[in-house]
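To start, the structure under review is shown below, and the notes come after it.
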Amino acid sequence: MWWKTRLSFLQTEAWCSPAEAGVQFRPQNWTPAFAGEHANQDKIWSRLCFGLASLLLALAMLLPGTAMADIFLSADFALTRGEDPNTYEFTAAVPEAVGQPAPITLPDGCRQSGMSRQTSGGRAQYAYELACDRPFAAGDMIQTPWKADGGRFVTNVMGAQIDRSLTGDARGISVPVGETMAQARPISRIAPEFLQQGVLHIWLGWDHLAFVLCLALLARGRQLLWLVSAFTAGHSISLAVAFFELVRVPVPPVEAAIALSIAFMAREALLVDKGEQAFAFNRQLIVVSLFGLLHGLGFATALGELGVQAGEKLPALVFFNIGVETGQLLFVGAIMATLAGLRAVSLATPVRAAALYAVGAIGCFWMVERVMGFGIA
């Protein structure tokens with residue numbers, strides 16, 4: 001069919017010359033008598049794909065926060081003892097995007113005696129001086145107003161280091177200041193907490209979703225399952241190695257390489273040629289596994305920012321990774337369902353090509369943005 005030939009042309013034209021691709025552009029039933037008709041169809045097809053890609057790219061650039069690529073908003077909270085009995089200093093560091101001044105809700109018997117605010121590095125830093133009529137008790141919470149996705153609470157008020165992962169909701173983040181004694185938590189509390197954080201991180205990490213989108217548009221069926229499995233194996237290994245600090249890698253170059261991996265996989269999906277599928281698929285498995293290692297380093301950074309007790313590191317890692325995989329599989333399922341609906345109305349091919357062009361361009365943009373930020377970071 002003419003549209004299959006045109007797709008091959010589009011895929012080749014975007015990234016290399018026709019001579020490099022070795023693609024036959026004329027359909028099998030092409031004759032000079034129908035040359036004009038096919039030329040018109042080609043023009044319509046080109047304009048449609050170019051228009052869709054431009055629209056997707058423009059929307060991506062205009063959406064607030066899209067350039068951040070990973071929009072998981074994390075907050076840091078700490079509680080230290082003051083000079084007088086039952087006095088404390090409570091500090092909060094939140095992203096400026098959600099860090100507007102607002103009152104916090106204290107436990108019964110506590111009052112705020114002072115507050116300061118300053119901004120640095122894109123984060124709002126709050127320091128509250130608290131005076132209480134009694135020591136903190138189990139169940140005491142400080143309700144913060146900032147709509148962050150998650151956070152970390154650290155305190156050593158009772159001499160033992162407490163490090164807790166927190167999850168936000170519509171009201172903000174509740175900080176369990178009553179948990180001032182280090183104690184082991186049951187797996188029933190650890191599992192849902194880090195499962196949720198894993199799902200949230202993959203769904204709110206645009207760069208990770210963009211890479212998975214490229215995989216879903218690159219293959220179908222069993223081959224897609226193999227590619228997703230290769231990506232999972234890669235990022236699971238590097239997530240564990242980096243989280244347990246067996247290797248330490250600077251974050252900015254990793255983030256730039258993740259952006260580059262998106263552009264590369266978009267190119268790979270556009271260049272896929274059924275005639276070379278056996279060779280291409282073997283190469284893709286290796287490449288996807290290696291890129292999975294990069295993305296795992298990014299996941300490890302996010303998990304480390306949440307704060308994990310020393311005795312909870314292994315279950316936190318396991319359930320966070322399961323959460324990432326769950327969110328990833330749900331996203332792939334949604335893409336497959338969308339493509340099936342588009343095929344029913346004969347729009348799957350142009351939308352696929354437009355999405356890949358747009359995702360590839362956004363990946364290049366993120367890479368340049370992150371490289372330019374090396375000096376700032």
Quick check: does any side chain N or O of Ser289 sit under 3.5 Å from a backbone N or O of Gly234, one acting as donor and the other as acceptor?
no
Looking just at side-chain N and O atoms, do Gln328 and Thr232 make a donor-acceptor pair shorter than 3.5 Å? yes
Query raised in the report: Judged by atom type as modelled, is there a donor-acceptor pair below 3.5 Å linking the side chain of Arg343 to the main-chain atoms of Ala348?
Result: no
To the nearest 0.5 Å, atom CD of Glu96 lies from atom OG of Ser120 at 9.0 Å
The side chain to side chain donor-acceptor pair (under 3.5 Å) partners of Thr167 (sequence neighbours excluded) come to Gln197
Review point. If we only count heavy atoms from C-beta on, is the Thr87 to Arg81 side-chain gap below 4.5 Å?
Key: no
Ser174 meets the side chain to side chain donor-acceptor pair (under 3.5 Å) criterion, sequence neighbours left out, with Gln143
- request: Please assess Thr301 against Leu303 for the test side-chain contact (heavy atoms from CB on, under 4.5 Å), listing each intermediate value before the final yes or no.
  value: CA-CA 6 Å; Thr301 300; Leu303 180 56; over 6 Å; no
**Q.** Within-4.5 Å side-chain heavy-atom neighbours: Thr155 and Val177
**A.** no
(Q) Are there over 12 heavy-atom neighbours, none belonging to Arg117, within less than 6.0 Å of that residue's CZ? (A) yes
Notebook entry, point to check: Quick one: are Ile202 and Phe331 in side-chain contact, heavy atoms under 4.5 Å?
Noted result: no
Aromatic ring proximity His295/Phe291, centre distance under 6.0 Å
no
Can you find a heavy atom in the side chain of Arg111 that is under 4.5 Å from one in the side chain of Asp133? yes
| Salt bridge Arg370-Asp207, side-chain N to carboxylate O under 4.0 Å | yes
Between Pro103 and Pro145 the two heavy atoms that sit nearest each other are O-CG, 3.5 Å
- Specify whether Phe320 and Phe299 have parallel, tilted or perpendicular ring planes, treating 30° as the upper limit for parallel and 60° as the lower limit for perpendicular. perpendicular
CE of Met265 to CG of Leu270, rounded to nearest 0.5 Å, is 11.0 Å
Practice problem: Determine whether Leu225 and Val212 fall in the same hydrophobic cluster, where Ile, Leu, Val, Met, Phe, Trp and Tyr are linked whenever their side-chain heavy atoms lie under 4.5 Å apart. | Solution: no
Applied to residues 90-152, the disulfide (SG to SG under 2.5 Å) test, sequence neighbours excluded, yields Cys110-Cys132
Any donor and acceptor pair, going by atom type alone, linking the side chain of Arg134 with main-chain N or O of Asp108 inside 3.5 Å?
yes
- Indicate yes or no for a side-chain donor-acceptor contact from Trp203 to the backbone of Gly327 under 3.5 Å, with no hydrogens or angles considered. yes
Side-chain contact, heavy-atom cut-off 4.5 Å: Val287 with Phe264? yes
I want to check something: taking the side chain as every heavy atom from C-beta on, are Trp146 and Ile173 in contact at a cut-off of under 4.5 Å?
no
Residues Ala242 and Leu297: closest non-hydrogen pair is CB-CD2, 3.7 Å
* Asked: Within the distance-only criterion (no hydrogens, no angle test), does the side chain of Arg123 pair as donor or acceptor with the backbone N or O of Ala93 below 3.5 angstrom?
  -> yes
The side chain to side chain donor-acceptor pair (under 3.5 Å) partners of Glu245 (sequence neighbours excluded) come to Arg248
Spell out, as yes or no, whether a donor-acceptor pair under 3.5 Å connects the side chain of Trp226 to the backbone of Leu285.
-> no
Any side-chain heavy atom of Leu204 within less than 4.5 Å of one from Asp149? yes
For residues 237-271, the disulfide (SG to SG under 2.5 Å) pairs (sequence neighbours left out) are none
Q. Short question: side chain of Ser113, backbone of Glu129 - any donor-acceptor pair under 3.5 Å?
A. yes
- Message: Can you tell whether the side chains of Lys147 and Asp169 come within less than 4.0 Å, N to carboxylate O?
- Response: no
**Request:** Please answer whether the main-chain N or O of Pro176 pairs with a side-chain N or O of Arg164 as donor and acceptor at a distance below 3.5 Å.
**Result:** no
Closest non-hydrogen contact found for Pro315 with Ile187 is CB-CD1, 3.6 Å
By ring-ring contact (aromatic ring centres under 6.0 Å, His included), Tyr88 pairs with (sequence neighbours left out) Phe136
| Same cluster for Met141 and Leu166 if Ile/Leu/Val/Met/Phe/Trp/Tyr side chains link at under 4.5 Å? | no
Here the gap from Leu218 atom CG to Leu356 atom CG, rounded to the nearest 0.5 Å, amounts to 8.5 Å
Taken to the nearest 0.5 Å, the spacing of Leu213 CG from Ile335 CD1 works out to 5.0 Å
Between Ala269 and Cys214 the two heavy atoms that sit nearest each other are CB-O, 4.3 Å
Quick one: are the ring centres of Phe231 and Phe211 less than 6.0 Å apart?
yes
Check: Tyr128 versus Glu89: any side-chain heavy-atom pair under 4.5 Å?
Finding: no
Q. Quick one: do Val371 and Val251 end up in the same hydrophobic cluster if we chain Ile, Leu, Val, Met, Phe, Trp and Tyr together by side-chain heavy atoms under 4.5 Å apart?
A. no
Check: Does the side chain of His201 come under 3.5 Å of the side chain of Gln196 through a donor N or O and an acceptor N or O?
Finding: no
Closest non-hydrogen atoms of Leu227 and Val288, given as atom of the first, atom of the second and distance, are O-CG1, 3.4 Å
Might you work through the side-chain contact (heavy atoms from CB on, under 4.5 Å) test for Phe90 and Val175, ending with a clear yes or no?
CA-CA 10 Å; Phe90 176 70; Val175 181; 4.0 Å; yes
Can a donor-acceptor pair be found, under 3.5 Å and without considering hydrogens, that links the side chain of Tyr126 to the backbone of Gly99?
yes
Taken to the nearest 0.5 Å, the spacing of Ser261 OG from Met367 CE works out to 11.0 Å
Correct closest heavy-atom pair for Ala210 and Trp366 would be CB-CZ3, 4.4 Å
To the nearest 0.5 Å, atom CG of Leu239 lies from atom CG of Leu317 at 5.0 Å
